Amino acid sequence: MSSSNTQVLQRVILPSDDQIDTTSLYVDAGPANGIRLRENDEFARNPKPPEEKLHFVSSGSEEVHFEDVLSRSSVRLRAGEQLSFGTYFNAFPASYWRRWTDLQSIRLVVRTTGHGTVTVYKSNARGTLQRVDGARVQGTSVTEFDLSLKPFGDGGWYWFDLASSREDLTLDSAEWQGAERDGNPGKVTLEITTMNKPDFCLNNARILSEHPEVLEHVQEILIVDQGTQKVADQPGFAEVKAALGGKLRIIDQANLGGSGGFSRGMYEAVENGSDYALLLDDDVVIEPESISRLLVFSDHCRKPTIVGGHMFDLYSRSVLHTFGEVVDPYRFVPAMPHADMEMRHDFSVANLRQTPWLHRRVDVDYNGWWMCMIPTEVIREIGLSLPLFIKWDDAEYGLRAREAGFATVSLPGAAVWHVSWIDKDDLVGWQAYFHGRNRLITTLIYSPYKKGGRVIRESFQADVKHLVSMQYFTEHSRLDALRDLFLGPDHLHRNIATKLGEINALKSNYPDAQMRENVDDFPAPALGQGPSGLNPIGLPHKKDLVKWGVTTVARQLLKRPAPEAAERPQGFLAHRDNRWFRLAHYDSVVVSNADGTAASWYKRDPEQLKAMLAEAGKQHANLYRHWEELAEQYRKALPEITSMEAWKKTFGLADGEGH
């Protein structure tokens, strides 16, 4: 591979000054460390070997000196130190390039000043680490390694380590290069959908303005502002807009949810001639280098491919929320592709080299739209998002693309920090409508199983759980979702701008939907009126669930609430204790919400339970009877309701108007 026909695939980067808590994602101190098997053949016989078969080689007490990070590309090693770039952001995800592109080899170029060594390593899909090559460096050096991608069929990464000798060694820069592709780099429309998070949006616009190198091929930055707190009204907006050199454009539109905002971004990308629409959530902090990585990978893919980034926890920044997701076809819920994967992996506890499952390539059904690059060729062929407002829009789009022959890749090394799900509970409250309806719509369109597998049964079970938990507002929303499902696909565009308002207007009818910030606004609990603390309330055993459910529902239907429960709650429950099998034993209880900002008062109402349970049974029976008919309706309407023309009407654009 000659240097004249290569291009940068991935630059080695260091954390910015305000990201000291993310250091473990960029660089590790100490020697090449990881999980090694004493008997390598044992893994083939036992994918989860017993603990005594594992040998941990750790980096001991060595730490990265943050003051030695000289710039985004440069770091100093003090005499006698070792640093590894076998990290999330700086190891090269060789198996993904091997699987999805035509590249057969790459080149690592390392520029250093000082005395020491450069050592190149690779891993395989089992996480076994292997030394590949090495070189001594002195003075000002440029060291190159030509590396094959052939061994990475199922997984594996490349990375390099540096070690200084008796003097300091400075990494001036390093990059992974590959053969230059034919044609010019693709043009990107970067779009952020926001609803009353102007501070997040302006912060990301500022980050982008400070990294012009990643915006070279970004044709336009769009903020689709659907809120009442406008980004353009924020202090400092004018300065950030000026710094972006005319690339930033604000589009104000009605609140059409995430699917409406992201569809607008896709629509504009097609209209302005971009090759890709890069969708970003509003409540994120972006690693700007991710933009370049997504673009160059997308350009090299053998055919148009949706390429997304991963999500780290914004409030625990070394924690990777998930490494990739598929849709369980029998239950239609998000699932992890492999049993040995783990949610919320913390790289500050176990780095890339210490975690074997991270080395297996993960193939996905979809990528969350917190960061996702979609080729406009795909958009022109399969359309825009389903008008679902929120929930399941990204998963449905990935499934639709797959059926049309377009794959989705979740690319390691490209990521954002996003507000994670641990401080959210979007299965209760107004979001329950969209969760319930949109899961059923997606199942109707794509399920390979008769009557949608387990989905109808699980939907009814969820209704029972909400009802015995006294979550009547949530259940009202879920029943409304079932009723609207039978209106057919035309209702999706018709009520996308109005449904949220209709749902929220019902809150005053339900105590469980009325939030108070101060828990002292509720009466103090009556001592000894709630479930006895002598017998802790646990999850019923699976074999006892049916009996437990029948008994619990019968008790709640037939036994009147204690009279005093209407005047005083029987207790306070923290959100972590807000479980259906616990709530079912109360007549009245105050429950805090997921993020700890407020609480509401749940009150048992047998009449509500009776009416809603009967309605849930009726609606699910009707769904079972008419499943095939509904599935045909939604499948047949899919091309029309996701078309540019249908969305154009929903956006309120006049004929021929592109902006």
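Heavy-atom basis, side chains included; hydrogens, waters and symmetry copies ignored. Given the structure is predicted, the values throughout are model-derived calculations rather than measurements.
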Before accepting this row, confirm whether a basic side-chain N of the pair [X]/[Y] lies closer than 4.0 Å to the acidic partner's carboxylate O.
| X | Y | result |
| --- | --- | --- |
| Asp102 | Arg302 | yes |
| Arg11 | Glu289 | yes |
| Lys187 | Glu220 | no |
| Arg72 | Glu287 | yes |
| Glu645 | Lys649 | no |

Is there a donor-acceptor pair under 3.5 Å between the side chain of [X] and the backbone N or O of [Y]?
| X | Y | value |
| --- | --- | --- |
| Asn367 | Met371 | yes |
| Thr642 | Leu638 | yes |
| Ser95 | Gly153 | no |
| Asp225 | Val231 | yes |
| Tyr158 | Ser148 | yes |
| Thr376 | Asp275 | yes |
| Asp281 | Thr193 | no |
| Asn438 | Leu388 | yes |
| Thr305 | Lys303 | yes |
| Ser263 | Gly260 | no |

Does atom [atom1] ([X]) have a neighbourhood of more than 12 heavy atoms from anything else shown, all under 6.0 Å?
| X | atom1 | answer |
| --- | --- | --- |
| Asn184 | CG | no |
| Glu210 | CD | yes |
| Asp154 | CG | no |
| Lys241 | NZ | no |

Taking the side chain as every heavy atom from C-beta outward, state whether [X] and [Y] have any atom pair closer than 4.5 Å.
| X | Y | answer |
| --- | --- | --- |
| Arg439 | Arg437 | no |
| Ser420 | Phe312 | no |
| Arg635 | Ile445 | yes |
| Gln431 | Lys391 | yes |
| Val224 | Thr194 | no |

Can you name the nearest heavy-atom pair linking [X] to [Y], along with the distance?
| X | Y | value |
| --- | --- | --- |
| Gln19 | Pro15 | O-CB, 3.8 Å |
| Phe200 | Asp282 | CB-O, 3.0 Å |
| Glu325 | Pro334 | OE2-CB, 3.8 Å |
| Ala395 | Tyr366 | CA-CG, 3.6 Å |
| Cys301 | Val307 | SG-CG2, 4.5 Å |
| Ser447 | Gly453 | OG-N, 4.2 Å |

*Considering the options Phe160, Trp176, Trp159, which one meets the ring pair (Phe, Tyr, Trp, His ring centres under 6.0 Å) requirement together with Phe85?*
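Of Phe160, Trp176, Trp159, ring pair (Phe, Tyr, Trp, His ring centres under 6.0 Å) with Phe85 is met by Phe160 alone.
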
*Take Ser105 and Leu147, measure what side-chain contact (heavy atoms from CB on, under 4.5 Å) needs, and give me the verdict at the end.*
CA-CA 6 Å; Ser105 63; Leu147 306 166; over 6 Å; no

*Quick one: sort the Phe92 and Trp97 rings into parallel, tilted or perpendicular, breaks at 30° and 60°.*
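If you compare the ring of Phe92 with that of Trp97, the planes turn out parallel.
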
*asked:* Tell me whether the rings of Tyr96 and Phe323 are parallel (<30°), tilted (30 to 60°) or perpendicular (>60°).
replied: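 The arrangement is perpendicular - the two ring planes meet at more than 60°.
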
*Cut-off 3.5 Å, side chains only: do Tyr446 and Glu403 have a donor facing an acceptor?*
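No, because no side-chain N or O of Tyr446 sits under 3.5 Å from a partner of the opposite role on Glu403.
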
*Any chance you could lay out the ring pair (Phe, Tyr, Trp, His ring centres under 6.0 Å) test for Trp357 and His345, step after step, and finish with the verdict?*
CA-CA 11 Å; Trp357 67 262; His345 177 76; 5.8 Å; yes

Ring centres under 6.0 Å, that's the criterion: do [X] and [Y] meet it?
| X | Y | value |
| --- | --- | --- |
| Tyr121 | Trp157 | no |
| His435 | Trp392 | no |
| Tyr267 | Phe651 | yes |
| Trp647 | His493 | yes |

Find the distance between [atom1] ([X]) and [atom2] ([Y]) and round it off to the nearest 0.5 Å.
| X | Y | atom1 | atom2 | answer |
| --- | --- | --- | --- | --- |
| Leu352 | Asn90 | CG | CG | 11.0 Å |
| Leu384 | Ile641 | CG | CD1 | 11.5 Å |
| Glu632 | Leu444 | CD | CG | 11.5 Å |
| Ile221 | Leu278 | CD1 | CG | 10.0 Å |
| Glu180 | Asp299 | CD | CG | 11.0 Å |
| Ile306 | Met373 | CD1 | CE | 12.0 Å |

*Assess whether side-chain contact (heavy atoms from CB on, under 4.5 Å) is satisfied between Ser292 and His217, documenting all intermediate values.*
CA-CA 9 Å; Ser292 299; His217 305 294; over 6 Å; no

*List the steps, then state whether side chain to side chain donor-acceptor pair (under 3.5 Å) holds for Ser84 with Arg353.*
CA-CA 10 Å; Ser84 176; Arg353 295 162 296 156; 3.1 Å; yes

_Arg402 vs Asp365, side-chain contact (heavy atoms from CB on, under 4.5 Å): CA-CA, chis, key distance, verdict_ = CA-CA 7 Å; Arg402 189 180 69 173; Asp365 287 336; 2.9 Å; yes

*asked:* If you apply the rule side-chain contact (heavy atoms from CB on, under 4.5 Å), what do you find for Val12 with Val110, and how did you get there?
replied: CA-CA 9 Å; Val12 169; Val110 183; over 6 Å; no

_Could you go through Ser73 and Ser173, starting from their C-alpha distance and side-chain angles, then the distance that decides it, and tell me whether this counts as side chain to side chain donor-acceptor pair (under 3.5 Å)?_
CA-CA 5 Å; Ser73 62; Ser173 66; 5.7 Å; no

_Taking the cut-offs as 6.0 angstrom to the six-membered ring centre and 45 degrees off its axis, would you call Arg361 and Phe152 a cation-pi pair?_
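No, Arg361 does not lie over the aromatic ring of Phe152.
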
*Apply side chain to side chain donor-acceptor pair (under 3.5 Å) to the pair Arg360 and His338, showing each step before the final yes or no.*
CA-CA 9 Å; Arg360 180 177 180 175; His338 306 301; 3.2 Å; yes

*Decide yes or no on side chain to side chain donor-acceptor pair (under 3.5 Å) for Thr87 and Asp28, but give the supporting numbers first.*
CA-CA 7 Å; Thr87 56; Asp28 282 328; over 6 Å; no

